[in-house]
2 protein chains.
Amino acid sequence: MAKRPTVYDVAARAGVSIATVSFTFSQPHKVRPATREAVEEAARALGYLPSASARGLASGKTGAIGLFSFAYYARERGLQPDSQTPFGDEANEDFRMFPLYHDEVQRGVQVECWRRGYVLMVGDAKGAAGEADLAGIAGRVDGLAVFPNTVPDDVLMRISRRIPVVELSIPINNTGLHGVSVDNEGGMAELTGHLVEVHGLRDIAFVGPKGFPDKEHRFSGYAGAMVAAGLPLRTVDTAPIGHLADFAASTVAEFVAAGKLPQALVCSTDEEALAYMDALAAAGIDVPGQIAVTGFDGLVAGLVNRPSLTTVRQPLVELGRAGASILIDQVAKPGKGAVTRQLPVKLMIRESCGCQAQPGNQVR
Amino acid sequence: MAKRPTVYDVAARAGVSIATVSFTFSQPHKVRPATREAVEEAARALGYLPSASARGLASGKTGAIGLFSFAYYARERGLQPDSQTPFGDEANEDFRMFPLYHDEVQRGVQVECWRRGYVLMVGDAKGAAGEADLAGIAGRVDGLAVFPNTVPDDVLMRISRRIPVVELSIPINNTGLHGVSVDNEGGMAELTGHLVEVHGLRDIAFVGPKGFPDKEHRFSGYAGAMVAAGLPLRTVDTAPIGHLADFAASTVAEFVAAGKLPQALVCSTDEEALAYMDALAAAGIDVPGQIAVTGFDGLVAGLVNRPSLTTVRQPLVELGRAGASILIDQVAKPGKGAVTRQLPVKLMIRESCGCQAQPGNQVR
DNA sequence: GTGCGAAATCTATGCGCTTTAATCGCTGAG
DNA sequence: CTCAGCGATTAAAGCGCATAGATTTCGCAC
């Protein structure tokens with residue numbers, strides 16, 4: 001590559017000063033049409049491309065929104081950048097790998113950035129999300145969106161002192177960060193209610209990890225509905241996502257061995273639900289015939305699955321858009337407090353709960 | 001937001017020079033452990049975040065790969081940033097809108113960037129992809145990936161004089177740009193052969209637009225297979241993607257009116273195929289009973305559709321990865337000529353051609 | 001205690017652009 | 001014919017960091 005031409009080269013060729021070149025691009029109306037054209041002509045002839053780095057340095061703005069995204073997916077599964085793990089086409093069932101939760105949210109962020117004239121910077125930690133990784137992206141954006149549990153809180157707080165930070169899909173909290181969330185509790189309560197009231201189930205177990213605020217809220221929704229119906233709670237531990245399949249298989253085996261198969265498995269995520277459905281199928285147990293299984297998220301994979309997965313659909317794209325929107329607003333006019341929004345969810349009744357698939361429910 | 005602390009602030013607090021601060025982050029091993037810790041402590045206390053802009057300016061590298069992505073989707077459909085068009089959750093069948101072709105390719109680019117330690121900059125034109133839009137992203141990356149027909153050739157050529165540019169999924173050509181493509185011709189020939197040999201169809205029409213190199217190659221594949229079988233060619237024009245539904249409906253109406261319904265519609269993309277299947281269903285024509293329909297791409301939407309869509313699956317994620325890989329290689333060691341790669345495709349026999357759905361073919 | 005090479009640190013400069021303040025050139029009023 | 005007034009243009013000062021080259025400090029042998 002030839003040396004990139006700079007404002008100096010353009011200025012020299014056009015016979016003006018670099019300031020005029022700069023104005024030509026940033027404040028065209030302040031430049032006489034004749035000189036403007038001369039500058040543009042020179043720029044074109046030279047193949048001039050303004051350096052965003054220099055621009056950002058001088059102006060203090062980057063015009064970019066950052067998203068710490070893929071790391072979310074990878075870290076949860078223990079994937080390494082140098083691994084040979086298939087990330088798409090190679091996998092036989094890659095609609096189980098893509099698009100997942102964060103892919104849809106990312107799309108939302110991307111759409112909103114597009115609409116507001118920002119570019120999206122997608123950064124990812126190479127190992128545990130340390131500060132060094134984040135610096136690479138936090139240092140070059142005007143605002144940062146992150147998924148919960150991907151970045152240590154103290155690092156996040158530090159960053160938020162410099163640029164607005166929004167947590168995507170985290171319950172309202174007291175961290176002082178901006179945040180967008182969904183009605184986890186209400187959605188799960190409604191879903192549980194469906195199993196109790198429509199299907200008359202009583203022995204309903206909740207499957208989900210501890211320690212994740214959003215999952216805890218889903219549990220609350222489940223618990224509330226069960227208690228309200230006078231039914232006993234029952235919980236099943238879950239493994240890290242990377243080991244869902246093995247864990248689900250052994251759990252199912254235990255159920256069978258103990259002869260204590262619940263009537264329904266209310267999972268905290270679609271991914272868990274699908275893993276359990278696989279395990280149940282492998283064990284020769286019919287879903288929804290012998291046991292109902294439900295998820296939470298509304299991924300494509302649940303729609304493609306047979307039986308299709310009854311679940312609670314989160315407005316994932318909207319979630320991303322709302323997050324990006326908050327950031328961009330904050331960049332334009334920094335507010336004092338944390339901005340938070342909660343979005344509604346939608347119950348998607350499909351086959352895995354025992355209902356017949358409805359055309360209207362085929363959609364996600 | 002408080003003024004962001006700089007190397008100077010950190011240096012002052014740690015009692016060292018800014019060079020040492022810089023080294024501490026870039027060449028830690030060249031700094032004595034004691035001073036390194038002092039610097040890190042100061043940085044932590046101050047909430048220091050290195051400015052990527054300044055870094056990029058000084059070093060001449062940005063560590064970012066750019067992708068001109070969403071614009072591709074939007075422009076083809078005539079969507080505007082300020083429009084109220086639903087971009088996801090709102091749509092009843094958004095698996096028809098996401099993930100599409102470019103979404104999967106983008107994922108590939110993103111994965112490869114992650115593995116190679118780059119960040120991804122997703123930029124989008126706000127209107128026609130003019131130079132101004134591109135400058136915003138081309139100026140801040142070390143390499144740029146674009147979809148065909150999204151950026152005027154001359155602009156692309158200009159940019160490619162400064163940074164490596166790769167065209168995603170464009171047949172090998174003479175533009176001198178790097179490129180990745182798939183075996184469009186071979187895949188379509190194989191698919192057409194399937195319809196002829198397995199299903200014994202003779203009146204097979206090709207549906208696809210003119211003027212797009214990759215689509216032309218698909219046509220060649222279709223034509224080659226037909227000629228080889230001694231069958232006549234038949235083509236159907238298509239409308240811009242944004243008007244696919246209306247156009248497909250009127251075309252189907254013409255077929256019916258003229259009583260000349262082909263035995264099969266070989267479409268150049270899955271999106272076209274789905275539009276025609278919708279139109280055929282609306283006209284009360286059974287697929288694949290009365291007419292077979294096939295696509296090309298291997299989108300999720302085709303898998304979810306009933307009947308599921310027989311198609312040719314492109315390795316989209318791999319396509320994106322290959323593109324990013326070429327760019328990153330070129331950044332590291334600029335080569336002289338254009339690098340090109342062609343990837344294989346895979347025939348996915350599903351229901352819309354008249355075959356029974358096979359478990360193995362359910363996958364995409 | 002000295003001397004020396006290596007390691008650590010610092011000084012100084014420039015990356016390409018934005019932006020403020022100052023200068024220039026022109027117009028029209030006096 | 002002069003000069004205030006105004007728009008167009010420019011000079012100059014950074015923005016925050018990397019890095020070559022200069023300088024200081026360190027570790028160690030004598």
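Every chain is numbered from 1, with letters handed out A, B, ... down the list of sequences.
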Undergrad: Closest approach of V339(A) and Q330(A), non-hydrogen atoms and distance?
TA: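 Scanning both residues, the minimum pair turns out to be CG2-NE2, 3.4 Å.
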Undergrad: Could you state the interatomic distance from CE (M121(A)) to CD1 (I65(A)), rounded to the nearest 0.5 Å?
TA: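 Here the rounded value is 12.0 Å.
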Undergrad: To the closest 0.5 Å, what do you measure between CD (E104(A)) and CG (D103(B))?
TA: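 With rounding to 0.5 Å, CD (E104(A)) is 10.0 Å from CG (D103(B)).
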Undergrad: With no hydrogens and no angle check, do the side chains of R341(A) and S325(A) hold a donor and an acceptor under 3.5 Å apart?
TA: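 The criterion, which ignores hydrogens and geometry beyond distance, is not satisfied for S325(A) and R341(A).
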Undergrad: Tell me every residue that passes salt bridge (Lys or Arg N to Asp or Glu O under 4.0 Å) with D153(B), counting only those two or more places apart in sequence or in another chain.
TA: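 Residues passing salt bridge (Lys or Arg N to Asp or Glu O under 4.0 Å) with D153(B): none at all.
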Undergrad: Do the rings of Y48(A) and F25(A) sit parallel, tilted or perpendicular, given the 30° and 60° boundaries?
TA: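 Plane angle between 30° and 60°, so tilted.
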Undergrad: I'd like to know if the side chain of S160(B) and the backbone of M157(B) have a donor-acceptor N/O pair within less than 3.5 Å.
TA: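 Such a contact is found between S160(B) side chain and M157(B) backbone.
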Undergrad: Under 4.0 Å from a heavy atom of chain B: give me the 5'-most and 3'-most nucleotides of DNA chain C that qualify.
TA: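 Taking any atom under 4.0 Å from a heavy atom of chain B, the span is dA8(C) to dG16(C).
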Undergrad: Under 4.0 Å from any heavy atom of chain B: name the first and the last nucleotide of DNA chain D that qualifies, 5' to 3'.
TA: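 For DNA chain D, the relevant span reads dG16(D) to dT19(D).
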Undergrad: Pairs under 3.5 angstrom only: tabulate donor-acceptor contacts from the side chains of residues 7-14 of chain A to other protein residues two or more places apart or in another chain.
TA:
{"from": "D9(A)", "atom 1": "OD2", "to": "T6(A)", "atom 2": "N", "distance (Å)": "2.8"}

Undergrad: Return the 5'-most residue of the pair A58(B), R32(B) with respect to DNA chain D, ranking by each residue's nearest nucleotide.
TA: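 Closest to the 5' end, via its nearest nucleotide, is A58(B).
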Undergrad: At 4.0 Å (heavy atoms only), tell me whether S53(A) reaches a base, stays on the sugar-phosphate, or touches nothing.
TA: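 Answer is nothing: S53(A) stays at 4.0 Å or more from every strand.
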Undergrad: Hey, can you pull the residues of residues 12-30 of chain A with a non-hydrogen atom under 4.0 angstrom from DNA chain C?
TA: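 Result for residues 12-30 of chain A: I18(A), A19(A), S22(A), F23(A), sorted by number.
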Undergrad: Heavy-atom nearest nucleotide on DNA chain D for Y8(A) versus T35(A): which residue maps closer to 5'?
TA: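 The 5'-side residue here is T35(A).
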Undergrad: Are P164(B) and L144(B) side-chain neighbours, meaning at least one heavy-atom pair lies under 4.5 Å?
TA: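 No; the side chains remain at least 4.5 Å from each other.
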Undergrad: Please confirm whether the backbone N or O of A338(B) pairs with a side-chain atom of H178(B), one donor and one acceptor, at under 3.5 Å?
TA: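 No: the side chain of H178(B) does not pair with the backbone of A338(B).
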Undergrad: Ignoring hydrogens, what is the shortest heavy-atom contact between V180(B) and V166(B)? Give both atom names and the distance.
TA: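 That would be CG2-CG2, 4.1 Å.
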Undergrad: Find out whether Y101(A) and L319(A) are in side-chain contact, i.e. whether some heavy atom of one side chain is under 4.5 Å from a heavy atom of the other.
TA: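 When only atoms from C-beta onward are counted, L319(A) and Y101(A) do touch, with a gap below 4.5 Å.
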Undergrad: Counting N and O atoms only, with roles assigned by atom type, does the side chain of D142(A) sit under 3.5 Å from a partner on the main chain of K61(A), one being a donor and the other an acceptor?
TA: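 Such a contact is absent between D142(A) side chain and K61(A) backbone.
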Undergrad: State, to the nearest 10°, the angle formed by the axis through the first five base pairs of the helix from dG1(C)-dC30(D) to dG30(C)-dC1(D) and the axis through its last five.
TA: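 End-to-end axis angle: 50°.
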